[in-house]
Protein chains: 4
Amino acid sequence: MRDGTATKNKINRVAMELFAEKGVTETTTKDIAAGAEIAEGTIYRHYKSKDELVKKLFLSLYEEQGNYLRDIAATEKNIKQKIADMIARFCQLFAEDKALFTFLLLTQHGQLREVPDDMVTPVVVLRDLITRGQNAGAVKQGDPDLMAAMVLGVVVQPAVFHVYGRLTQDYKSFTQDLTEAAWGVLGLN
Amino acid sequence: MRDGTATKNKINRVAMELFAEKGVTETTTKDIAAGAEIAEGTIYRHYKSKDELVKKLFLSLYEEQGNYLRDIAATEKNIKQKIADMIARFCQLFAEDKALFTFLLLTQHGQLREVPDDMVTPVVVLRDLITRGQNAGAVKQGDPDLMAAMVLGVVVQPAVFHVYGRLTQDYKSFTQDLTEAAWGVLGLN
Amino acid sequence: MRDGTATKNKINRVAMELFAEKGVTETTTKDIAAGAEIAEGTIYRHYKSKDELVKKLFLSLYEEQGNYLRDIAATEKNIKQKIADMIARFCQLFAEDKALFTFLLLTQHGQLREVPDDMVTPVVVLRDLITRGQNAGAVKQGDPDLMAAMVLGVVVQPAVFHVYGRLTQDYKSFTQDLTEAAWGVLGLN
Amino acid sequence: MRDGTATKNKINRVAMELFAEKGVTETTTKDIAAGAEIAEGTIYRHYKSKDELVKKLFLSLYEEQGNYLRDIAATEKNIKQKIADMIARFCQLFAEDKALFTFLLLTQHGQLREVPDDMVTPVVVLRDLITRGQNAGAVKQGDPDLMAAMVLGVVVQPAVFHVYGRLTQDYKSFTQDLTEAAWGVLGLN
DNA sequence: AATGAATGAGACTTCATTCAT
DNA sequence: CATGAATGAAGTCTCATTCAT
């Protein structure tokens, strides 16, 4: 291949999966190279260091999730429906790409502090949506950051249980229950 | 202290704090020894390996939390009150010892698989309480594991936000809100 | 330039300057390529290896200096004047192209052993001039290699000081002093 | 051994010899460890990095030479004799420990800039001695830094020739010639 | 029980060199 | 002649663990 895009994509994918599987520190550059079927040195044509790989991977994927949610928040629907759509989208994503979620889950500690203030993150989108819902009188009063945290917890913690085998059903089957719980937390019933 | 109990306690405390601060892999045995003001080799008088230290520390602290919750679950109160007590207890703990929570938070991945089947963990206690509540007709129907996960998420995720500075108030001030949200998830209003 | 002469010259010049600035091992082929505004692979159209580049560069420049001195030695002037001319020439060169001198200075160790026996080097020219001066009775007796070394030291060491900032005046202003010192060493007063 | 002094000394000696023989970059930590008959990691109990090893080694040995010369400069003798003593001392040192000289010679480039301003170096001692000699009317006028450089060149450049095999006699046999040349440069005859 | 110098496996990274385009 | 992505050997350094004291 003339440009290295395919190689870089392969590195990204393999790295994400290995990080999700074993954790970042436990995954060696050798592992990544083997998984991507390239030489170890090749990683360094695309990233200055393993650290940079982790950070860029995390930030780009984290922001990508933020963008998805932002698009949902930007629709014409009412807030109740937007919350439902967001949760449906999360369940869909998790069912399709568990490694992506697990990677974000494992990597957040230590990477969250690297998030630029102006980045569109899932958390920020959710918090802003809640704030606007409160202003419109649809969502009950309360610290919007706290409410965002609780909603996030309702949706994410079952996914963690799923990752660790405590929940085994197809995650999409939880969509309805999660949505109703989130509505309850926000007083949207 | 002719026996090494004091030394071991110091190791445990220092290790937990360093693990919470920087993560397990990023904390070296040298760091721990320095923090505990002992020689590196001394750690190996008390633990066979760093891995064993991490595992024993995690399991004992995790079980300790389970025991607290079990004691609450064993009281004569009604389930609604028990949930409230558990959350109050968690908020208290988190406010008093953030490092302990952070340690458990960071370490769960990779340690959760080591938990013996018969151990009394917070998750098991909570799940069993929910099941009994459902049998008694107090808690609404639904997968008890899923419900336990959602309740846990409601309580724990705000703590994560607190650790990363997105929430800054004294955690105990959230007790009421968290409790009501948990009740809502369980249909206990 | 259908042939690569211009490219090769650019490589030579850039390489010399970088070698002088940071040392040979500390200069990467990537640095050279970047400085010469070519691709890394292009270097290998002109040189078999980095080693060959260093060696050829050193030898050609070193010999070039030898040739200059040989031309001076071949004139009709008396030895005293020839020494003066050589030193003047060195001061001129150093003032004009400090990088060239620094490159030769840094590279000599490790390259000096590669010099072919029959090459016209500054050292050989100087030594031969001294020998002839001794035969003609103009230069005082003594090991000609030792005397060549001392004369060289008198002229070169101040240049080293200049490179490292211990001497800061225009080097040409030292010409007279260096010449007289050299004469003194050779007993030419 | 209870303390690591012997090990550190061994590292220092072996490193100096290898650096002198092949150059710093060409000497690997593996080489040093093998030469000192220790594990590679052991080097890092005594030095934070290879760089630090090189720098500390250079600075301590360089300063040591400065101290020797300072002691000579501090005697009651006249300046002519002091110069003679210094040169004799240098010839003695070089004859006894060629590796030390070669190490200092090879390493000066890149280390000279690290020398603290207040360090007693051979160059500073020599320059100060010359300045005092000029004030006393014993040494002829002229930039003392330039004169120090020339004297240094007279003494050191033959040593370089010796290292590269152009001079082969016992270096101590040059003592008289070098001394007279240095005197000549300083106008001390 | 405690020490701390030493170990050695292995991680990350660099860089001269190759080769398909 | 020129490119630049890829290689892989080799280097520096870290760190959990051991063992003589």
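- Listed nucleotides dA6(F), dC13(F), dA2(E) differ in distance to Thr42(A); the shortest reach to its side chain belongs to dA6(F).
- The phosphate of dT12(F) (OP1 or OP2) has a side-chain N or O of Thr29(D) nearer than 4.0 angstrom.
- Nucleotide dC15(E) holds its P atom 18 Å from the NE2 atom of His46(A), rounded to whole Å.
- Atoms OH (Tyr44(D)) and P (dA5(E)) sit 18 Å apart, rounded to a whole Å.
- Counting only heavy atoms from C-beta on, Thr7(A) has its side chain closest to dA6(F) among dT3(F), dA6(F), dT7(E).
- In this entry the distance linking CD1 of Ile32(D) with C1' of dG8(E) reads 17 Å, nearest Å.
- The main-chain N or O of Val24(A) is found under 3.5 Å from a side-chain atom of Lys50(A) such that the two form a donor-acceptor pair.
- In Lys30(C), the NZ atom is not crowded: 12 or fewer heavy atoms of neighbouring residues, nucleotides or ligands sit closer than 6.0 Å.
- For Lys8(C) and dC1(F), the NZ to P distance is 10 Å, given to the nearest whole Å.
- Ranking dT17(F), dT17(E), dA6(F) by closeness to the Ser49(B) side chain, first place goes to dT17(F).
- Checking dA16(F), dA16(E), dT12(F) against every side-chain atom of Thr28(B), the shortest atom distance belongs to dA16(F).
- Atom pair Asp51(D):CG and dC13(F):P shows a separation of 7 Å (rounding to whole Å applied).
- The distance from atom CD1 of Ile43(B) to atom P of dC19(F) is 17 Å, rounded to the nearest whole Å.
- Across the strands present, dA20(F) finds its partner in dT3(E); the criterion is a Watson-Crick or G-U wobble pair with both atom distances under 3.5 angstrom.
- Rounding to whole angstrom units, CD of residue Glu37(D) and C1' of dA5(E) are separated by 17 Å.
- Remark: dA11(E) base-pairs with dT12(F); criterion is Watson-Crick or G-U wobble with both hydrogen-bond distances under 3.5 Å.
- Across the protein-nucleic acid pair, Arg45(C) atom CZ and dC19(E) atom C1' stand 10 Å apart, rounded to whole Å.
- Here the side chain of Thr27(B) pairs a donor or acceptor atom with the backbone of Leu18(B) at under 3.5 angstrom.
- Taking the six-membered ring for Trp and thresholds of 30 and 60 degrees, His109(D) and His109(C) have ring planes inclined between 30 and 60 degrees apart.
- Lys56(C) NZ: 12 or fewer foreign heavy atoms inside a 6.0 Å radius.
- Map Lys30(C) and Lys50(A) each onto its nearest nucleotide of DNA chain E; the residue landing nearer the 5' end is Lys50(A).
- Residue Thr25(A) is out of contact with every strand shown, counting any heavy-atom pair closer than 4.0 Å.
- Annotation: of the two residues near DNA chain F, Thr27(D) and Glu40(B), the 5′-most nearest-nucleotide partner is Thr27(D).
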